Peer 1: 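The structure is given below, and queries will be raised subsequently.
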There are 2 protein chains.
Amino acid sequence: MNIGEAAAKSGLSRKMIRYYENYGLLPQAQRSDNGYRHYQASDLRRLRFIHRARELGFSLDEVSRLLALWDDQARASAEVKQLAKTHIVELEQRITELQQLKASLEQLTHCCHGDERPECPILDALAGNDNAVQP
Amino acid sequence: MNIGEAAAKSGLSRKMIRYYENYGLLPQAQRSDNGYRHYQASDLRRLRFIHRARELGFSLDEVSRLLALWDDQARASAEVKQLAKTHIVELEQRITELQQLKASLEQLTHCCHGDERPECPILDALAGNDNAVQP
DNA sequence: CTTGACCTTGCCGTAAGGTTAAGCTTGAAA
DNA sequence: TTTCAAGCTTAACCTTACGGCAAGGTCAAG
């Protein structure tokens with residue numbers, strides 16, 4: 001099958017497939033006489049694997065390591081689990097950060113009348129006026 | 001003061017200050033005879049405002065709008081509040097996404113022995129084997 | 001005189017592609 | 001047969017928000 005069909009069946013875009021090939025996640029695709037990339041079922045499995053890993057939020061670098069482990073029949077599952085756990089910790093940190101930002105913003109918006117008057121504790125706080133926020 | 005001191009006092013980097021000037025968040029800085037940028041206390045207030053807004057996760061585009069509102073003595077606080085609320089919603093969506101990813105990954109890692117054996121439900125799930133996860 | 005800190009502009013690189021552009025091939029309709 | 005659209009190719013530029021580095025100008029101290 002050509003790249004368009006492979007894209008449709010894997011959930012990736014044509015551009016992403018070429019990008020991943022260039023990035024090194026995929027081997028150089030076979031080419032037909034006309035120069036078109038040509039894919040088989042085994043290639044499709046790899047594409048789908050990448051698609052699912054990306055959906056779970058793994059970076060391309062992490063996907064690359066997952067693929068290496070996938071290719072290695074003898075690898076220990078502990079390695080994969082460790083990679084996943086590391087990723088979970090990163091997600092947790094990011095979530096905590098965003099929650100803190102959200103809490104700060106909510107406190108500020110809570111203090112703001114939000115009417116046609118110009119007084120605005122949000123801008124005051126950004127400007128450095130600590131009296132802007134009254135709990 | 002020169003750009004280095006302004007950077008130290010505002011919490012931004014020299015590079016960021018030049019970038020923001022170019023981006024349009026700051027007016028063209030005054031220059032000394034030697035061509036160095038020259039800042040005053042009023043400039044510092046603007047730099048600090050930007051710094052705080054960035055810490056709260058606003059994009060440069062949003063910061064630009066906040067600055068415009070800040071500069072406008074007659075603006076209604078409702079506009080600022082709306083901008084903040086929109087940002088809160090974006091944060092909420094991002095947090096929810098990350099939490100779902102985390103939950104999926106936790107379920108997978110929970111099912112994985114994580115020892116020296118090669119069987120690994122995480123890789124199986126990425127490969128598309130739905131039997132990998134047993135709740 | 002030299003050294004080192006600070007300043008200038010400007011280009012390259014990042015993640016993860018999206019979006020054209022210019023030019024092939026292929027298949028089907030007119 | 002011609003022509004049209006769809007699909008393919010590579011290449012290059014756009015995004016965010018800067019960091020890093022190059023090559024060079026400026027300034028104060030030893």
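Chain naming here is simple, since letters A, B, ... match the order of the sequence lines and numbering starts at 1 in each. In this text the structure is predicted, and so the values were computed from the model without any measurement.
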Peer 1: Do A/Leu126 and B/Trp70 have side chains that approach each other closer than 4.5 Å (heavy atoms only, starting at C-beta)?
Peer 2: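 Answer no - side chains too far apart.
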Peer 1: Give the minimum heavy-atom separation between A/Arg46 and A/Asp71, together with the two atoms involved.
Peer 2: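 Closest heavy-atom pair between A/Arg46 and A/Asp71: NH1-OD1, 3.1 Å.
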Peer 1: What I'd like to find out is whether the side chain of A/Arg75 reaches to under 4.5 Å of the side chain of B/Cys120, using heavy atoms alone.
Peer 2: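 Yes, side chains in contact.
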Peer 1: Report the distance from atom CD of A/Gln28 to atom C1' of D/dT10, rounded to the nearest whole Å.
Peer 2: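 Those two atoms, CD and C1', are 14 Å apart.
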Peer 1: So for atom CZ, which belongs to A/Arg14, do other residues, nucleotides or ligands contribute more than 12 heavy atoms lying within a distance under 6.0 Å?
Peer 2: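 Counting other residues, nucleotides and ligands, CZ of A/Arg14 stays at 12 neighbours or fewer.
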Peer 1: Distance check needed: D/dA6 P versus A/Met1 CE, whole Å only.
Peer 2: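 From A/Met1 CE to D/dA6 P: 23 Å.
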Peer 1: For DNA chain C, what residues of residues 82-99 of chain A have any heavy atom nearer than 4.0 Å?
Peer 2: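 None, since no heavy atom is under 4.0 Å.
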Peer 1: Is any side-chain heavy atom of B/His87 closer than 4.5 Å to one of B/Glu90?
Peer 2: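 Yes, their side chains come closer than 4.5 Å.
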Peer 1: Would you tell me if any nitrogen or oxygen in the side chain of B/Ser13 comes within less than 4.0 Å of OP1 or OP2 on D/dG19?
Peer 2: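 Answer is yes, contact under 4.0 Å.
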Peer 1: Summarise how protein sits on nucleotides 5-15 of chain C as a single string, 5' to 3': B when a protein heavy atom is under 4.0 Å from the base, S for sugar-phosphate-only contact, - for no contact.
Peer 2: -BSBBBB----
Peer 1: When the distance from CZ of B/Phe58 to P of D/dA17 is rounded to whole Å, what number comes out?
Peer 2: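 Value for this atom pair: 13 Å.
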Peer 1: Measure the distance from CD1 on B/Ile50 to C1' on D/dA17 and round it to the nearest whole Å.
Peer 2: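 B/Ile50 atom CD1 is separated from D/dA17 atom C1' by 13 Å.
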Peer 1: What is the distance, to the nearest angstrom, from the CD1 atom on A/Ile17 to the P atom on D/dT10?
Peer 2: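 Nearest whole value for this atom pair: 13 Å.
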